[in-house]
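Before any comments, here is the structure.
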Amino acid sequence: VVQFASGETFEGPWTDDGSIGDDVVAFRRLPHDWISGDRDLPGTRRVNSAAFQPHPDSQAISVTLSDVADGLGIDPAAMCLGEYAGEYGLATVLVRDARAQGLAIRRVPLSVDPGHAMFFITDDSGQRDERSCRKAGKKLARAAHLVLDLPH
Amino acid sequence: VTLTLTEQLRAVPSKSQYAETLSNTGIGSYSAIFTLPDEGPRWISAVRYLGPASRFEFLRRLERIASLTANWDSYGAFPLSQHVITRVRDFVDTLIEQGVPLPHVAPSSSGAIVVEWRDGERVVEFEFDPSGDDSVSLDWDGESVEYDGKLEFLPFASRLSLERALTELAERVPD
């Protein structure tokens with residue numbers, strides 16, 4: 001059972017949700033350290049490979065899916081407002097890119113983030129495979145786009 | 001204004017000049033753009049001229065990473081372990097002594113620290129994990145290394161590839 005900071009829990013199932021389309025965009029907040037490159041050299045800013053790594057408890061990578069935000073009329077940039085303002089940038093990946101790395105995806109809506117979902121990998125016995133998830137997450141980071149940089 | 005390669009290299013201060021400037025100004029990093037023959041403009045943001053001030057900057061970053069509190073990534077990450085911080089510091093210190101430029105360091109949600117040198121699409125990356133099961137990734141001019149496990153058991157061929165890439169980085173820092 002995965003427990004989130006809000007106290008909400010998720011027990012599974014840990015299987016890919018095929019109803020989530022490949023073209024759905026997944027967003028992930030980026031603290032300063034997850035953005036590499038030189039501000040003075042245009043085009044060099046990018047998402048660091050540390051950005052898409054699983055939490056040790058859930059052994060999965062949290063993201064927010066665009067289809068939910070679209071349905072609610074929420075601008076995804078709002079993910080970086082409020083308590084996160086000025087402290088986090090924003091990256092996107094396509095669900096297709098995640099699946100191409102062997103990651104499965106499952107919606108795990110939270111009260112503070114209705115579009116919350118998790119990328120993960122399971123082994124032959126259906127258990128989450130953190131090591132494989134970490135390797136896939138690194139490759140996924142290379143496919144990620146930096147859509148909201150941090151202010152100077 | 002387009003400078004020739006020679007002019008650009010001349011415009012880049014030597015390490016000793018730079019170290020002196022750093023000690024006077026407190027600025028901790030330096031980047032340069034070179035225009036290489038037949039290759040066009042090429043940025044080398046990974047090059048950070050080394051001297052006491054650069055190492056100071058690196059240590060300051062590590063200290064900041066060490067001071068990250070719970071949920072620093074906004075996704076519930078735990079604070080980083082001091083053991084990992086120490087391993088990264090010792091590892092990078094060894095390379096700095098050999099003239100390798102300062103790397104980018106980044107903590108991950110899993111509790112590991114990624115140490116990375118990047119030059120365009122070429123990348124050398126070490127990941128130091130709290131469990132001790134580290135990983136190494138290299139993509140450098142057609143050479144590729146993917147390794148998981150303790151660094152001391154890194155296969156010889158992979159070690160050679162890494163040394164070549166890091167030596168090249170070190171050699172690009174003007175004397």
Side-chain angles (χ1 to χ4, degrees), chain A residues 2-6 8 27-64 79-80 82-85 87-90 110 112-113 116 118 130-135 137-139 141-142, chain B residues 29-34 41-48 61-62 64-65 68-81 103-121 123-131 133-137 139 146-149:
Chain A
V2 175
Q3 182 158 20
F4 298 91
S6 61
E8 294 160 282
F27 292 86
R28 185 159 164 90
R29 279 186 295 273
L30 306 171
H32 287 267
D33 291 313
W34 291 355
I35 305 175
S36 307
D38 195 322
R39 287 186 184 282
D40 298 325
L41 295 172
T44 65
R45 299 283 281 172
R46 55 175 188 76
V47 179
N48 186 275
S49 65
F52 284 82
Q53 290 294 288
H55 188 283
D57 283 351
S58 67
Q59 300 176 32
I61 305 164
S62 285
V63 292
T64 296
M79 287 178 65
C80 298
E83 63 183 305
Y84 305 123
E87 300 295 326
Y88 293 89
L90 202 58
L110 301 174
V112 294
D113 184 2
H116 181 256
M118 303 184 92
E130 185 183 8
R131 179 178 279 261
S132 296
C133 188
R134 287 169 64 165
K135 292 181 80 166
K138 279 186 198 173
K139 292 176 180 169
R142 293 179 190 171
Chain B
S29 65
Y30 185 90
S31 300
I33 303 176
F34 297 90
R42 191 170 190 175
W43 60 274
I44 308 175
S45 73
V47 173
R48 292 181 182 271
R61 285 188 203 174
L62 268 189
R64 187 174 50 74
I65 289 172
L68 291 171
T69 55
N71 198 36
W72 57 267
D73 67 347
S74 81
Y75 293 109
F78 302 126
L80 278 289
S81 96
H104 180 83
V105 286
S108 81
S109 300
S110 62
I113 294 181
V114 174
V115 176
E116 176 195 73
W117 290 265
R118 181 175 280 266
D119 175 20
E121 295 303 309
V123 61
V124 183
E125 184 182 288
F126 293 82
E127 185 182 68
F128 291 84
D129 188 78
S131 69
D133 276 341
D134 304 316
S135 68
V136 179
S137 173
D139 190 353
E146 293 288 342
Y147 171 80
D148 292 312

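All values below were derived from every heavy atom in this structure, side-chain atoms included, with hydrogens, water molecules and symmetry-related copies excluded. In what follows, every chain begins at residue 1, and chains take the letters A, B, ... in the order their sequences are listed.
- No part of B/Ile113 comes within reach of chain A, as not one of its non-hydrogen atoms sits under 4.5 angstrom from that chain.
- Scanning all heavy atoms of the two residues, the minimum distance from A/Arg28 to A/Ala51 falls at NE-O, 2.6 Å.
- Contact count versus chain A (heavy atoms, under 4.5 Å) is highest, among B/Val114, B/Val105, B/Ile65, for B/Val114.
- Side-chain atoms of A/Val2 and A/Asp57, non-hydrogen and from C-beta on, never get closer than 4.5 Å to each other.
- Contacts of B/Ala70 with chain A are absent, with no heavy-atom separation under 4.5 Å from either backbone or side chain.
- Looking at A/Leu110, there are no atoms closer than 4.5 Å to chain B (heavy atoms on both sides), in backbone or side chain.
- Within the 4.5 Å cutoff, the side chain of B/Tyr75 has no heavy atoms near those of the A/Phe4 side chain.
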With ring pair (Phe, Tyr, Trp, His ring centres under 6.0 Å) as the criterion, how do B/Phe78 and A/His55 come out once you've worked through the C-alpha distance, each side chain's angles and the decisive distance to 0.1 Å? CA-CA 9 Å; B/Phe78 302 126; A/His55 188 283; 5.0 Å; yes
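- Using a 4.5 Å cut-off between heavy atoms, A/Glu130 contacts chain B through its side chain alone, with no backbone atom that close.
- For chain B, the nearby part of A/Met79 is the side chain; its heavy atoms alone come within less than 4.5 Å.
- Between B/Pro107 and B/Leu68, some side-chain heavy-atom pair lies under the 4.5 Å cut-off.
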